[in-house]
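Here the structure comes first, spelled out in structure tokens, and everything after it is commentary.
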Amino acid sequence: MNPKYTQLFRPIILRSGIQLDNRIVMAPMTTWSSNDDYTVSDEEVAYYSRRSSGVGMVVTGCAYVTASGKAFHGGFGSDHDDFIPGLRRLASAIKEQGSKAVLQIFHGGRKCPPELVPNGEVVSASAVPLEQGTGSRALTVKEIQSIIRDFGESTRRAIEAGFDGVELHGANGYLIHQFFSPHTNRREDQYGGSLEKRLSFPIAVVDEVKKVVAEHAKQPFLVGYRFSPEEPETPGITMADTLALVDVLASKELDYLHVSTLDFWSTPRRGVEDTRSRIEMIQERVGEGVPVIGVGSIYTADDAIKAIQTGVSMIALGRELIIDPDWVEKVRQGKESEIETKLKKDAQSRHVVPKPLWQLIASRPGWIPMED
Ligand SMILES: Cc1cc2nc3c(=O)[nH]c(=O)nc-3n(C[C@H](O)[C@H](O)[C@H](O)COP(=O)(O)O)c2cc1C
């Protein structure tokens, strides 16, 4: 290995006691490839297996915690014990390759297509319709409490299936994010109104999941939290709101915070007088308190080392591991110049990309860099 990359390959021990062999994480990516009954498919198991031999930790695409949270056609579930065998195959396939396996769990809230949820009833913190698309109705307090328990039940299933941890998907505009956002949360009860009240649902989910882990896990089991810094709407989550969220999360004894951005170097829109990147500000705010994972448009080994040198504990690779599943091994073997940074047209079977994901990539030009 070129010695300039050694920092990427230092092991790290997380608060739960889980040790990662290196600082490179596979970012959570839905594949739209579950079986028709939303169990994990063979195609998915093969896709994850192909990408799990070099990274320290794999975070799976998001698994819904209850039927009203199903946001993706072909996005697998975790809302019933019948899902455990498929989840177990997924966890085993990842762990057999030497990586830690983390199940991302979520509820889609207002981003769920009506045809995927019971009675076509789309639910959210409040009835704020999507900019283009469907409306939703506000959840009752009883329903909110039930969804909090569902996050706990999915965690129990992840433990039984042999995962090393769960990541709570509080990012990208799904239900946890919807509760934190003043754009989508217009409630005036204990779950909305002030910044503190907008934090109630995310924190209740964290507390429930930590409780389930304490009760059920017989060996170290990690809990991570993913969030998006800021949103464009006004009112909407500002960078100042994000730093308040980070302060509370940092006190919750989590294993890591995962900052969801499309570009690692993106800078705040508003809410602070600061020109540094959002991830650098978040890292400074938490200090040594909790490890931070940064992600977004890291394609080359030099991109990765530059990112980790900002002080984040780990970096995650998403699209890049679809494009080149051997990214980590190539860097480890001093072959970083051979990394593919554009998806080759003939790569589907060689790189084991499930057909539905391949077709989606082809239908959305510009989403994933493609060879001409
Ligand atoms: C195909 C695809 C599926 C994704 N699915 C998820 C998901 O299930 N959960 C999530 O938190 N982010 C998801 N993301 C976002 C990625 O985790 C990542 O944050 C984003 O792609 C930016 O990182 P990158 O430039 O390394 O790809 C997805 C991204 C892609 C490309």
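Just so you know, ligand 1 is whichever comes first in the structure, and atom 1 is the first atom listed for that ligand. All residue numbers in this chain count up from 1 along the given sequence.
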Using the six-membered ring of Tyr38, assess whether NZ or CZ of Lys70 lies under 6.0 Å from its centre and within 45 degrees of the ring axis.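 That pair qualifies as a cation-pi contact.
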May I ask you to establish whether Lys306 and Trp265 are in a cation-pi arrangement, using a distance under 6.0 Å from NZ or CZ to the six-membered ring centre and at most 45° from the ring axis?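 Relative to the ring axis of Trp265, which defines the angle, Lys306 lies inside both limits.
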Checking a contact table here: which protein heavy atom is nearest [atom], and how many Å away?
atom                    : answer
atom 26 (O) of ligand 1 : Gly318 N, 2.8 Å
atom 20 (C) of ligand 1 : Leu262 CD2, 4.3 Å
atom 27 (O) of ligand 1 : Arg319 N, 2.8 Å
atom 23 (O) of ligand 1 : Val295 CG2, 3.5 Å
atom 22 (C) of ligand 1 : Thr261 O, 3.7 Å

Option nearest atom 12 (N) of ligand 1 (shortest heavy-atom distance, choices Glu167, Met29, His169, Arg226):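 When every heavy atom of Glu167, Met29, His169, Arg226 is considered, Arg226 comes closest to atom 12 (N) of ligand 1.
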Among Ser297, Gly170, Pro28, which one has a heavy atom closest to atom 7 (C) of ligand 1?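 Looking at heavy atoms only, Pro28 sits closest to atom 7 (C) of ligand 1.
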Going by the angle between their ring planes, with limits at 30° and 60°, are Tyr225 and Phe227 parallel, tilted or perpendicular?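 The rings of Tyr225 and Phe227 sit tilted, inter-plane angle from 30° to 60°.
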Parallel, tilted or perpendicular: which one describes the rings of Phe106 and His169, with boundaries at 30° and 60°?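 Taking His169 first and then Phe106, their aromatic rings sit tilted (interplane angle of 30° to 60°).
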Could you work out, with salt bridge (charged side-chain N to carboxylate O under 4.0 Å, His left out) as the rule, every residue matching Glu96, not counting sequence neighbours?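 Testing Glu96 for salt bridge (charged side-chain N to carboxylate O under 4.0 Å, His left out), a comparison that skips the adjacent residues, returns none.
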Suppose we screen for salt bridge (charged side-chain N to carboxylate O under 4.0 Å, His left out). Which residues come up paired with Arg89, at least two apart in sequence or across chains?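 With sequence neighbours excluded, Arg89 shows a salt bridge (charged side-chain N to carboxylate O under 4.0 Å, His left out) to Asp42, given in chain and number order.
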Which atoms of ligand 1 are found less than 4.0 Å from any heavy atom of [X]?
X      : result
Ala27  : 17 (O)
Gly296 : 23 (O), 25 (O)
Gln104 : 7 (C), 8 (O), 9 (N), 10 (C), 11 (O)
Cys62  : 8 (O)
Asn172 : 10 (C), 11 (O), 12 (N)

Check: Val40 main-chain N/O paired with Asn35 side-chain donor or acceptor under 3.5 Å: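 Yes, because the side chain of Asn35 sits within donor-acceptor range (under 3.5 Å) of the backbone of Val40.
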Under the 3.5 angstrom rule, does the side chain of Gln178 hit a backbone N or O of Arg110 as a donor-acceptor pair?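 Such a contact is found between Gln178 side chain and Arg110 backbone.
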Side chain, backbone, both or neither: the part of Thr30 lying under 4.0 Å from ligand 1 by heavy atom: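 Under 4.0 Å from ligand 1, Thr30 contributes backbone and side-chain atoms.
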Should Phe106 be listed as contacting ligand 1, given a heavy-atom distance under 4.0 Å as the test?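 The answer is no: ligand 1 sits nowhere under 4.0 Å from a heavy atom of Phe106.
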Could a heavy atom of Glu320 be found less than 4.0 Å from some atom of ligand 1?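 False for this residue.
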Check Arg157 with Glu153, please: is the shortest side-chain N to carboxylate O separation under 4.0 Å?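 Looking at Glu153 and Arg157, the cut-off is met.
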Are more than 12 heavy atoms from other residues, nucleotides or ligands located less than 6.0 Å from atom CD of Gln309?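 Buried by this count: over 12 neighbours within 6.0 Å.
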